[in-house]
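Data first, discussion second: the structure below is written as structure tokens.
Every chain is numbered from 1 and lettered A, B, ... according to where its sequence line falls, protein lines coming before strand lines.
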Protein chains: 2
Amino acid sequence: MKLFTKHTDYAIRALLELAGSKDEFLSARQIAKQQRIPYQFLRQILQGLIKNKLVISKEGSGGGFRIDKDPDLMSIVDIIVIFQGNIQLSDCMFRKKLCANRSNCVLRKQINRIEKLVNEEFKSVTIGSLLKDLKKQRRRF
Amino acid sequence: MKLFTKHTDYAIRALLELAGSKDEFLSARQIAKQQRIPYQFLRQILQGLIKNKLVISKEGSGGGFRIDKDPDLMSIVDIIVIFQGNIQLSDCMFRKKLCANRSNCVLRKQINRIEKLVNEEFKSVTIGSLLKDLKKQRRRF
DNA sequence: TATAACTGATACTATAATAGTAGCAGTTAA
DNA sequence: TTAACTGCTACTATTATAGTATCAGTTATA
Ligand code: FES
Ligand code: FES
């Protein structure tokens, strides 16, 4: 099971990179190289971040991307939602037709409970907090 | 994202069915009909449950399956593990090669933390507890 | 003792989700 | 003018999940 797809994974790395050099524009090429993300794939992802106003871009030579929201307010959940939709641990409700045996579905409420928990937990993990951890880690080693 | 695949989903339903008629042998055909699970698919799943000693089988005419472990000790996690392996919210550690940029991987410890939480929570949900919920529900409606 | 109702085992196919690639059009700095 | 960029979007590859099909062997029962 995957809570993070590569889209999300790479988006987080890219945002960490961007949050780390706040006022500069970094090109997709630079980020891809730094984080070893496939270039064209990263570009798709950056488009997603643009659309959701987490970053802004500058076109043309010397252009690139810059973060456009306080990293402390940018949670992992926000990013997951952009690329994978809402966090759901199981999606039977989402497939238009309901559970085959809906009356049996006592499981659903348990799933929902735990889903909520996961959401809460990941909401508190932000690009800002990760960046802080990252800096701490680098200082130590 | 899927915490439960169909394997797990159907396994839980089948076990609920079996736990509900503890001492009888139910055939795959019966369970499939009752829970509207594709017959051959269900048979695969039951084989998995046999291998892991959650149920026993009786061959031949009049044969079938019977639960073989206290439902209260049979947690959802046990079942997930059989069909999907350990609960992991993200699997980059599992793909033999490590994160492209491992030094950036402050995310990992957060994921692990929340993974642990999910595990704990689902451990407390058992076939026994679900069956109890189910009976309560049926009484009410 | 024939047969219908079963399980054991396993190979196969179909579908959908994820991951990654390619390429053209337009923008901008130098 | 050109090289370094982004915007956009169609395409392909790979993998995971879901589901099907079959054959061999077992057992109750008429
Ligand atoms: S409503 Fe889906 S597990 Fe039931
Ligand atoms: S070790 Fe994988 S998210 Fe990093």
Within the side chain of A:Glu17, is there an N or O that forms a donor-acceptor pair under 3.5 Å with the backbone of A:Gln35?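 No.
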Counting N and O atoms only, with roles assigned by atom type, does the side chain of A:Gln110 sit under 3.5 Å from a partner on the main chain of B:Val125, one being a donor and the other an acceptor?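 No; judged by distance alone, with no hydrogens or angles, the pair does not exist.
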Which of parallel (below 30°), tilted (30 to 60°) and perpendicular (above 60°) describes A:His7 and A:Phe83?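 Geometry flag for A:Phe83 against A:His7: parallel rings.
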Parallel, tilted or perpendicular: ring planes of A:Phe122 versus A:Phe4, cut at 30 and 60 degrees: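 Ring orientation, 0 to 90° scale: perpendicular.
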Please compare B:Leu46 and A:Leu42 by the position of their nearest nucleotide in DNA chain C and report the one closer to 5'.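 Between the two, 5'-proximity favours B:Leu46.
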Whole angstrom value for the distance that separates [atom2] of [N] from [atom1] of [X]:
| X | N | atom1 | atom2 | result |
| --- | --- | --- | --- | --- |
| A:Phe41 | C:dA19 | CZ | C1' | 5 Å |
| A:Arg43 | D:dT9 | CZ | C1' | 11 Å |
| B:Ile45 | D:dG19 | CD1 | P | 9 Å |
| B:Ile31 | C:dT7 | CD1 | P | 8 Å |
| B:Gln40 | C:dA9 | CD | P | 15 Å |
| A:Arg66 | D:dT6 | CZ | C1' | 15 Å |
| A:Phe25 | C:dA29 | CZ | P | 11 Å |
| B:Lys6 | D:dA18 | NZ | P | 7 Å |

Under 4.0 Å: is that the gap between some side-chain N or O of [X] and OP1 or OP2 of [N]?
| X | N | value |
| --- | --- | --- |
| B:Gln47 | C:dA9 | yes |
| B:Ser61 | D:dT26 | no |
| A:Ser57 | D:dG7 | yes |
| B:Tyr10 | D:dA18 | no |

What contact category does B:Phe65 fall into here, base, sugar-phosphate, or nothing, at under 4.0 angstrom with non-hydrogen atoms? sugar-phosphate
Does a sphere of radius 6.0 Å around CZ in B:Arg113 hold more than 12 heavy atoms from other residues, nucleotides or ligands, not counting ones at 6.0 Å or beyond? yes
For the side chain of A:Gln44 and the base of C:dT21, is some donor closer than 3.5 Å to an acceptor across the two?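 Checked by distance alone, the answer is yes.
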